[in-house]
Peer 1: 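Below are the structure tokens for one structure; questions will follow.
Values below: all heavy atoms of this structure, side chains included; hydrogens, waters and symmetry mates excluded. Here is how names work: the chains are called A, B, and so on, in the same order as the sequence lines, proteins then strands, and each is numbered from 1.
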Amino acid sequence: MRLSRSLIPTLKETPAEAQIASHRLMLRAGMIRQMASGIYAWLPTGYKVLSKIAQIVREEQDAIGAQEVLMPTIQSADLWRESGRYDAYGKEMLRITDRHDRELLYGPTNEEMITAIVRDNIKSYRDLPQMPYHIQWKFRDEVRPRFGVLRGREFLMKDGYSFDLNYEGAVHTYRTIMLAYMRTFQRIGVTAIPMRADTGQIGGDLSHEFHILAPTGESGVFYDAAFEAGDALGVTDVNAFYEQVTTIYAATDEKHDTAVWDGIPTERRREGRGIEVGQIFYFGTKYSEAMNFAVTGPDGQKFYPEMGSYGIGVSRLVGAIIEARHDEAGIIWPDAIAPFKAAILNLRQGDAGTDALCEKLYAALGADALYDDREERAGQKFAEADLMGHPWQMIVGPRGAAAGIVELKRRATGERFELPVEEALAKVRG
RNA sequence: CGGAGCGUAGCGCAGCCUGGUAGCGCAUCAGUCUGGGGGACUGGGGGUCGUGGGUUCGAAUCCCGCCGCUCCGACCA
């Protein structure tokens, strides 16, 4: 992308409504624009990040055998009457009436819908287990949206659901998905810690929340430093992994157990703040019973499948990652989800040698590069590149161009390297 | 849902109290100089002052309604 032809409206000043770093930086870096309270349009760079996160989530779901589907945003009220949640859900649910006075709603989640779909199409125990998921926009009419995409009303979520033959199968699925989540967050490039959680209105008795550590998080968290090492991810056996992860201490302030805490060596105790970016639930037959989803077992008898649901807040992750990774100058993207791997900064637009070298770099990197080819001064280009947070800056001025040298700056560390063109490209490509 | 505010140019704001030709900085456009951390100078463009009504010779300014947005609290992926 050439910056001169892009829709990346950066701001020098911060819009008044943005209170926290991620909201401020997303607006200033031109990633999003607010369209209504808690509702945002995603501009090119914001949408690139959102898509890259979604893609990693998708790949890790597919890797454990989950199947991607796409359910609609609009649902029928009747579906929710079956589970009894139409009345229970309250004002957070956006209710809509169509031209025939039929009652509809903009889905805040999809347990009912997926249960109906599987119920209507799966009749035999032989077709279990099932693990469908989708990545779709949700709407929850929050009383007070705030913090930009961290607490919007409309948000993009990966929600997955599982249907198993029995409790043992359901627990295995639960653990499998927990491991997939840990791998997902690790690939994205953030530390997310699973913590025992309440099940809230979804119901059930086994649940974990995943928190990204960030000073501005809404929850206080206490955890064992062992999580920082990511040791458990090396474990490939699901049950061994689960055993290891759940025996390391981690709790939000709501569930903090000071007795256990005191038993952890002082040097391993970590206290901080966390942003919830995912939650997983096992809830048994709550929905399969309520919605009369029974399949025929090997003995010819009907039984209700054991269910669970699993969510990752994809749009929230964008904000949460920025909360965890930024400095005074701007965003510091992890390589895996950066909108561009590198910015090419042409410090002397119009200088033949400089232009030629920049074009060469741009041709080599293609869509992975944002080429700042504007008639702007060096200072502004540096400032905006730092703001947008590209992992690498490829700095090209007349002196370097004449010598065939590219100056590389690593955003995260501030390290600088002066390298010949091919070596610089190799480093950026990783 | 309780409490408190704010809507004036793309963004940040002043003007309102005490009614009288709508301003400043940044951004933007043209040009000149400049050229390694949001540079300087000259000139230009851009506004139904959220919206509807009322008071008045005259309303951004005073009064009433409505809409939108934000902050604190309770709630929450």
Peer 1: How long is the line joining NZ of K381(A) and C1' of G35(B), in whole Å?
Peer 2: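 These atoms are roughly 11 Å apart.
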Peer 1: Can you see if the side chain of Q349(A) gets near the phosphate of G35(B) - specifically, an N or O under 4.0 Å from OP1 or OP2?
Peer 2: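 Looking at the OP1 and OP2 atoms of G35(B), neither is under 4.0 Å from any side-chain N or O of Q349(A).
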Peer 1: Does the plane of the ring in F293(A) sit parallel, tilted or perpendicular to the ring in F163(A)? Use 30° and 60° as the thresholds.
Peer 2: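 Geometry flag for F163(A) against F293(A): perpendicular rings.
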Peer 1: Could you give the NZ-to-P distance, from K138(A) to A77(B), as a whole number of Å?
Peer 2: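 Roughly 14 Å, once rounded to whole Å.
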Peer 1: Where the side chain of A378(A) is defined as all heavy atoms beyond and including C-beta, which of C75(B), G36(B), G37(B) is the nearest nucleotide?
Peer 2: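 So the side chain of A378(A) is nearest to G36(B).
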Peer 1: If you assign Q393(A) and Q19(A) each to the RNA chain B nucleotide with the nearest heavy atom, which residue ends up on the more 5' nucleotide?
Peer 2: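 Of the two residues, Q393(A) wins.
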Peer 1: Rounding to a whole Å, what distance do you find between R348(A):CZ and G39(B):P?
Peer 2: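 It is 17 Å, rounded to the nearest whole Å.
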Peer 1: Identify whether the distance between the nearest side-chain nitrogen and carboxylate oxygen of R102(A) and D78(A) falls below 4.0 Å.
Peer 2: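 Looking at R102(A) and D78(A), the cut-off is not met.
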Peer 1: Assign G330(A) to base, sugar-phosphate, or nothing according to its heavy-atom contacts below 4.0 angstrom with the strands shown.
Peer 2: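 It contacts nothing in the nucleic acid.
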Peer 1: Expressed as a whole number of Å, how far does the P atom of C13(B) sit from that of A22(B)?
Peer 2: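 Per the computed distance, 24 Å lies between those P atoms.
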Peer 1: Looking for any heavy atom pair under 4.0 Å, which part of the strands does I395(A) touch: base, sugar-phosphate only, or nothing?
Peer 2: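 Touches a base.
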Peer 1: Would you mind classifying the nucleic acid contact of A329(A) as base, sugar-phosphate or nothing, using non-hydrogen atoms under 4.0 angstrom?
Peer 2: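 Answer is nothing: A329(A) stays at 4.0 Å or more from every strand.
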Peer 1: Using whole Å, report how far CE of M93(A) lies from P of C75(B).
Peer 2: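 M93(A) atom CE is separated from C75(B) atom P by 21 Å.
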Peer 1: Just the rounded figure in Å: distance from P of G68(B) to CD of E17(A).
Peer 2: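 It works out to 17 Å between those atoms.
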Peer 1: Evaluate the ring planes of Y249(A) and W261(A), with Trp represented by its six-membered ring, and classify them as parallel (under 30°), tilted (30 to 60°) or perpendicular (over 60°).
Peer 2: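 Because their plane-to-plane angle lies in the 30° to 60° range, the rings of Y249(A) and W261(A) count as tilted.
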Peer 1: In whole angstrom, what separates E376(A)'s CD from U34(B)'s C1'?
Peer 2: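 Spelled out: CD on E376(A) to C1' on U34(B) is 13 Å.
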Peer 1: Do the side-chain N or O atoms of S37(A) get closer than 4.0 angstrom to the phosphate oxygens (OP1, OP2) of U70(B)?
Peer 2: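 For U70(B), OP1/OP2 do have a side-chain N/O of S37(A) under 4.0 Å.
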Peer 1: Is the closest basic N to carboxylate O distance between D335(A) and R187(A) below 4.0 Å?
Peer 2: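 No, this pair does not count.
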Peer 1: Hey, what do you get for OG1 (T258(A)) to CZ (F222(A)), rounding to the nearest 0.5 Å?
Peer 2: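 Result: 9.5 Å between the selected atoms.
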Peer 1: According to a strict under-4.0 Å criterion, is K12(A) in side-chain N/O contact with OP1 or OP2 of C11(B)?
Peer 2: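 Indeed not, no polar side-chain atom of K12(A) lies that close.
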Peer 1: Between U70(B) atom P and E142(A) atom CD, what is the distance in whole Å?
Peer 2: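 Rounding to the nearest Å, CD of E142(A) and P of U70(B) are 13 Å apart.
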Peer 1: Using purine N1 to pyrimidine N3 plus N6-O4 or O6-N4 for Watson-Crick, or N1-O2 and O6-N3 for G-U wobble, both under 3.5 Å, which nucleotide pairs with G25(B)?
Peer 2: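 Partner of G25(B): C11(B).
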Peer 1: Which whole number of Å gives the distance between the P atom of G2(B) and that of C49(B)?
Peer 2: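 After rounding to an integer number of Å, I get 32 Å for this pair.
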Peer 1: Between C26(B) atom P and L27(A) atom CG, what is the distance in whole Å?
Peer 2: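 Going from L27(A) (CG) to C26(B) (P), I get 22 Å.
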Peer 1: Thinking salt bridges, do R85(A) and E111(A) make one under a 4.0 Å N-O criterion?
Peer 2: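 Salt bridge: yes.
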Peer 1: P atom, A74(B) versus G25(B): distance in rounded Å?
Peer 2: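 43 Å, rounded to whole Å.
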Peer 1: Give a yes or no on whether a donor-acceptor pair under 3.5 Å exists between the nucleobase atoms of G39(B), that is its base, and the side chain of Q380(A).
Peer 2: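 When only heavy-atom distances are counted, Q380(A) does not reach the base of G39(B) through any donor-acceptor pair under 3.5 Å.
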Peer 1: For G39(B) versus A14(B), give the span between their P atoms, rounded off to a whole number of Å.
Peer 2: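 The answer is 24 Å between these two P atoms.
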Peer 1: Ignoring backbone atoms, test whether R144(A) places a side-chain nitrogen or oxygen under 4.0 Å from the OP1 or OP2 oxygen of C71(B).
Peer 2: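 Yes.
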